[in-house]
Novice: 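Structure provided below as structure tokens; questions to follow.
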Amino acid sequence: MINLLMENLFIPSDTADISLHLRHKRRADIKTFDPQRTILLMHGATLPAESLFDVPVGEGAFMDLLAQEGFDVYALNVRGFGGSTRPDGMGGAPEAALPQVRTETAVRDLSTAVDYLLVTLAIPRLCLIGMSWGGTVTGAYTAAHNDKVEKLTLIAPQWINDGVSRLDPGGPVPAYRRFNVQAFRQRWLEGAPEQKREEILPAGWFEQWAAVILASDPAEQDGVIRAPAGMIQDVRDYWSAGKAFYSPEKITVPVLLLHAEWDLDVTTQQMRNLFSRFFNASYRRWIEIGEGTHMVVMERNRWQVLEEILLFLRVDPHSRG
């Protein structure tokens with residue numbers, strides 16, 4: 001049996017009194033890792049890192065499965081999420097402050113985490129994996145820091161929409177959103193045919209996921225957690241206004257795009273439009289996964305996501321003719 005080590009790290013951000021949570025997992029029998037085997041995971045706009053990458057369902061948590069394959073795996077919570085510090089604007093009523101944790105701030109937090117790991121591990125680069133909004137954060141970071149990124153994987157990443165986003169309910173944008181965990185189940189499965197819903201989300205998985213995400217917010221009350229709303233303002237200012245937050249054309253490292261067919265938050269057409277703009281990547285790949293939603297990393301077919309990531313990260317382009 002493979003023995004995994006786990007630790008929770010708390011590192012200072014670039015803002016006084018704000019610390020960032022990094023969860024770390026690796027095999028106990030492997031002491032050193034090169035850039036191709038060092039991974040930093042970035043969560044989406046609502047769900048903290050542990051609720052996407054460290055829920056022990058099926059054959060194991062997403063982080064565990066990557067670590068068992070010999071990778072050094074870190075998952076970041078930017079400020080406002082999980083074990084990271086909540087900004088002051090999330091301490092009062094939602095209407096009492098400006099939208100908290102804009103995408104630009106999340107990119108800064110990711111930059112802090114990357115620099116910390118590169119110095120601590122004494123490696124020149126690492127691999128980034130971003131999901132949904134995390135795809136925007138990791139994409140924007142990579143576009144500005146290709147020299148620090150070995151490979152970039154984007155799972156259902158945000159992209160320019162047709163003027164409407166499921167994330168944006170309309171009306172004034174508050175400091176943070178109140179996220180009802182149990183009510184999310186219907187939204188999660190909405191894009192899947194009714195007869196397939198129990199199949200793609202096996203019995204007990206939602207309950208285990210719910211327990212993890214409810215524990216992520218110390219102010220959780222009656223099954224409701226807080227999620228920063230800054231990215232909703234960014235959706236209005238960029239994605240729904242026909243503007244890209246970053247330029248994929250500036251990314252030169254290898255890129256893998258992963259998407260599931262029943263994703264209502266990011267459409268296949270959005271993926272097609274995004275993929276075409278990575279033309280300066282040293283190579284690029286887009287994989288469409290059948291029978292999955294925007295939350296495919298927490299569904300039965302997540303094994304396909306993992307297999308494609310493992311294949312992508314293990315390929316050494318310099319060894320090929």
Novice: Heavy atoms only: give me the nearest Asn180-Ala183 pair and the separation to one decimal.
Specialist: OD1-N, 3.0 Å
Novice: Looking only at non-hydrogen atoms, find the nearest pair between Leu52 and Met298 and report the distance.
Specialist: O-CG, 4.2 Å
Novice: Tell me the closest heavy-atom pair linking Ala113 and Ile11, and the distance in Å.
Specialist: CA-CD1, 3.9 Å
Novice: When you measure from the centre of the six-membered ring of Phe278, is the NZ or CZ of Arg284 under 6.0 Å away and within 45° of the axis?
Specialist: no
Novice: If you round to the nearest 0.5 Å, how far is CE of Met42 from CG of Asn77?
Specialist: 8.0 Å
Novice: How many angstroms lie between CD1 in Ile213 and OG1 in Thr46, if you round to the nearest 0.5 Å?
Specialist: 8.0 Å
Novice: List the steps, then state whether salt bridge (Lys or Arg N to Asp or Glu O under 4.0 Å) holds for Lys196 with Glu199.
Specialist: CA-CA 5 Å; Lys196 287 285 187 176; Glu199 184 178 335; 3.6 Å; yes
Novice: Taking the cut-offs as 6.0 angstrom to the six-membered ring centre and 45 degrees off its axis, would you call Arg26 and Phe33 a cation-pi pair?
Specialist: no
Novice: Side chains of Arg302 and Leu65: closer than 4.5 Å at any heavy-atom pair?
Specialist: yes
Novice: Under the side-chain contact (heavy atoms from CB on, under 4.5 Å) criterion, do Trp286 and Arg272 qualify, and how do the steps go?
Specialist: CA-CA 9 Å; Trp286 169 22; Arg272 183 177 294 111; 3.8 Å; yes
Novice: Report, as yes or no, whether the 6.0 Å neighbourhood of atom CG on Asp88 holds more than 12 heavy atoms from other residues, nucleotides or ligands.
Specialist: no
Novice: Could you tell me which non-hydrogen atom of Met271 sits nearest to which non-hydrogen atom of Pro157, and how far apart they are?
Specialist: SD-CD, 3.5 Å
Novice: If we count only N and O atoms by modelled type, under 3.5 Å, do the side chains of Asn161 and Ser240 hold a donor and an acceptor together?
Specialist: yes
Novice: Taking all heavy atoms of Phe206 and all of Val181, pick out the closest pair and write down the distance.
Specialist: CZ-O, 3.5 Å
Novice: Could you go through Asp147 and Arg125, starting from their C-alpha distance and side-chain angles, then the distance that decides it, and tell me whether this counts as side-chain contact (heavy atoms from CB on, under 4.5 Å)?
Specialist: CA-CA 7 Å; Asp147 59 317; Arg125 297 173 305 282; 6.0 Å; no
Novice: Can you check whether Trp209 and Phe184 have ring centres sitting under 6.0 Å from each other?
Specialist: yes
Novice: In Å, rounded to the nearest 0.5 Å, how long is the span from OG1 of Thr153 to CG of Leu257?
Specialist: 9.0 Å
Novice: So which atom in Pro48 and which in Ser216 form the shortest heavy-atom distance, rounded to 0.1 Å?
Specialist: CG-OG, 3.4 Å
Novice: Testing Met6, Glu7, Gln68 for side-chain contact (heavy atoms from CB on, under 4.5 Å) with Lys25, which one passes?
Specialist: Met6
Novice: Does a side-chain heavy-atom distance below 4.5 Å link Asp168 with Trp239?
Specialist: no
Novice: Hey, could you give me the NE2/CZ distance between His43 and Phe53, rounded to the nearest 0.5 Å?
Specialist: 8.5 Å
Novice: Under 3.5 Å, which donor-acceptor pairs link side chains of residues 132-140 to any protein atom two or more places apart or in another chain?
Specialist:
unit_1	atom_1	unit_2	atom_2	d
Ser132	OG	His294	NE2	2.8
Trp133	NE1	Thr103	OG1	2.9
Thr136	OG1	Gln158	OE1	2.7
Thr138	OG1	Gly134	O	2.7
Thr138	OG1	Gly135	O	3.4

Novice: Can we say Glu69 and Arg37 salt-bridge, meaning some charged N sits less than 4.0 Å from an Asp/Glu carboxylate O?
Specialist: no
